[in-house]
Amino acid sequence: MSSSLVFIESSTSTASHLLPFSRITTPFNGAVSLRRSVGPFNVRPFVLSSLRTLSVNSSNNPSPVINDKSGGEASAKVIDGKMVAKQIRDEITAEVLKMKEAIGVVPGLAVILVGDRKDSATYVRNKKKACESVGINSFEVRLPEDSTEQEVIKFISKFNNDPSVHGILVQLPLPSHMDEQNVLNAVDIEKDVDGFHPLNIGRLAMRGRDPLFVPCTPKGCIELLHRYAVEIKGKRAVVIGRSNIVGMPAALLLQREDATVSIVHSRTKNPEEIVKHADIIISAVGQPNMVRGSWLKPGAVVIDVGINPVEDAKSPRGYKLVGDVCYEEACKVASAVTPVPGGVGPMTIAMLLSNTLSSAKRTHNFQ
């Protein structure tokens, strides 16, 4: 394959375009160094009893990989996002209870849904359940499809001024007659738990500046790398896809971690040649099984953000979900890889909860 590849920039907002089915939770982060520079929820170090440090094999700085792929068929370690997300939720539950008992404050998340898309409604329902599971208050506004942009912004302003609300999320996509950027920009940057505000992204891009929030899906990708003790500093990283919600912030986060970062996108020539040099790959393009095993460097670590429906006659639903990376082939080459589903997906809502808790702590100066 070469420059003729068709890319769809995958993100939590565009995923609902890609999935006309019942929504399965998609793609978030926080990390040792990110906790210092970005300031998300300070979670405890996570170590699996069976986990050895995953050290990717860089040509500049050779180090052992978890599986020696030169001999052939050893299987990659599975990066279990579902398990990590559960631990993060348990940690958040404890922190929410601690905050409530100490100062009587419960974090609150407001979600605004416009229209009657079934997939968006499923997303919102999942977020509400997640809030309840960790003790975070949830507020929900549902508006008809033909609502005006100003009506949506009116509710955003209401939540901006409500001290019991610490995070505001506008469910995307919005109806076509609305200017998405105008609506998102109306969210108070102090409550922008999705991390979409241009000031948050701008601060993320600048050295010496700290964003208040990091977009949830890329935040989750980095969190998985850290919780599985994957070394990032000095490594070659490739991000496939350049969306504002996943690809671009993921590249910025890797850069903050002192990786040498390349971005592959729809105009990149011979993308497989660039990917082949990467120690760490984050793929978010929305193309099923686009990244083949032959694209990967032996011992690479693969984070697959893609969630793509493909026909499957054996499935009762008539389809199955696969990632951007051919999982079976990647397992024979990579040292570690996220499955789809069950990899990045469960981390997204967990990071949304983490951002909401961080917002409440910052507002009330609670440590």
Side-chain angles (χ1 to χ4, degrees), residues 10-28 81-82 85 88-89 92-93 96 106-149 151-160 162 164-178 180-181 183-184 186-188 191-197 213 215-217 219-220 245-246 305 307 309 321 341 344-357 359-360:
S10 177
S11 67
T12 49
S13 64
T14 59
S16 50
H17 293 291
L18 298 172
L19 286 173
F21 314 101
S22 292
R23 169 63 188 246
I24 291 184
T25 306
T26 58
F28 304 11
K82 188 179 295 185
I88 291 172
R89 289 193 191 195
I92 292 172
T93 300
V96 168
V106 176
L109 174 66
V111 180
I112 298 174
L113 174 63
V114 184
D116 54 2
R117 289 179 61 110
K118 290 184 178 179
D119 52 356
S120 291
T122 301
Y123 291 154
V124 170
R125 186 165 58 251
N126 288 341
K127 289 164 184 172
K128 185 175 182 179
K129 287 180 180 178
C131 284
E132 292 172 353
S133 73
V134 300
I136 290 177
N137 290 333
S138 63
F139 306 86
E140 182 181 326
V141 170
R142 294 186 178 231
L143 298 172
E145 181 85 16
D146 59 357
S147 298
T148 66
E149 193 174 298
E151 286 174 319
V152 177
I153 291 176
K154 183 179 79 172
F155 279 101
I156 292 174
S157 297
K158 176 185 174 184
F159 288 132
N160 281 342
D162 186 342
S164 66
V165 173
H166 304 96
I168 301 171
L169 183 149
V170 180
Q171 184 62 46
L172 303 179
L174 290 169
S176 57
H177 65 276
M178 294 186 184
E180 202 167 86
Q181 289 306 310
V183 173
L184 294 179
V187 176
D188 186 338
K191 300 185 179 186
D192 174 38
V193 288
D194 252 343
F196 295 162
H197 196 287
F213 305 100
C216 298
T217 298
K219 186 178 177 187
I245 297 171
V246 182
V305 180
I307 295 188
L321 296 176
V344 176
M347 296 293 289
T348 300
I349 290 183
M351 293 296 103
L352 176 64
L353 301 175
S354 170
N355 280 353
T356 303
L357 175 60
S359 178

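- Side-chain contact between Ile156 and Val170 is present, with heavy atoms from C-beta onward closer than 4.5 Å.
- In this structure, Arg89 and Ser133 approach most closely via the heavy-atom pair NH1-OG, 3.9 Å.
- Between the Asp188 side chain and the Phe159 main chain, no donor and acceptor come within less than 3.5 Å of each other.
- In plain terms, the two heavy atoms of Phe213 and Asp192 that are nearest each other are CD1-O, 3.1 Å.
- Within the 4.5 Å cutoff, side-chain heavy atoms of Phe196 are placed close to those of Leu172.
- Val96 pairs by the side chain to side chain contact (heavy atoms under 4.5 Å, CB included) definition with Ile92, Pro107, Ile136, Leu357, not counting sequence neighbours.
- Under a 3.5 Å cut-off, the side chain of His166 and the backbone N or O of Ser359 do not form any donor-acceptor pair.
- For Lys191, there are no side chain to side chain donor-acceptor pair (under 3.5 Å) partners, not counting sequence neighbours.
- With sequence neighbours excluded, the residues forming a side chain to side chain contact (heavy atoms under 4.5 Å, CB included) with Ser157 are Ile153, listed by chain and number.
- Scored by the salt bridge (charged side-chain N to carboxylate O under 4.0 Å, His left out) test, Arg142 finds Glu140 as partners (sequence neighbours excluded).
- Contact between Glu180 and Pro173 at its shortest, heavy atoms only, is OE2-CA, 4.1 Å.
- Residues Gln171 and Ile112 form no side-chain contact, since every pair of their non-hydrogen atoms from C-beta on lies 4.5 Å or further apart.
- Note that CG of Leu353 is 10.0 Å distant from CD1 of Ile88, once rounded to the nearest 0.5 Å.
- Side-chain contact between Asn137 and Cys131 is absent, with no heavy atoms from C-beta onward closer than 4.5 Å.
- A distance of 11.0 Å separates CG in Asp194 from CD1 in Ile168, rounded to the nearest 0.5 Å.
- For the atom pair CD of Glu145 and OG of Ser176, the computed distance is 7.5 Å after rounding to the nearest 0.5 Å.
- What you find for Gly167 and Val193 is that their closest heavy atoms are CA-CG1, 3.6 Å.
- Using a 4.5 Å cut-off on side-chain heavy atoms (C-beta onward), Glu149 and His177 make no contact.
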- Item | Worked verdict on Thr217 versus Val344 for side chain to side chain contact (heavy atoms under 4.5 Å, CB included) | CA-CA 7 Å; Thr217 298; Val344 176; 4.1 Å; yes

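- Taking every heavy atom of both residues into account, Ser147 and Pro144 meet most closely at OG-O, 2.8 Å.
- A 4.5 Å side-chain heavy-atom check between Ile349 and Asn126 finds at least one atom pair inside the cut-off.
- Residues Leu143 and Leu113 have side chains not in contact (no heavy-atom distance under 4.5 Å, counting atoms from C-beta outward).
- Annotation: side chain to side chain contact (heavy atoms under 4.5 Å, CB included) contacts of Lys129 (sequence neighbours excluded): Arg125.
- Scored by the side chain to side chain contact (heavy atoms under 4.5 Å, CB included) test, Ser164 finds Phe139, Asp162 as partners (sequence neighbours excluded).
- Of the possible polar contacts, one joining the Thr122 side chain to the Lys118 backbone as a donor-acceptor pair under 3.5 Å is found.
- Within the model, atoms NZ of Lys154 and NZ of Lys158 stand 9.0 Å from one another, a figure rounded to the nearest 0.5 Å.
- Here Ser138 contributes atom OG and Leu169 contributes atom CG; the two are 12.0 Å apart, rounded to the nearest 0.5 Å.
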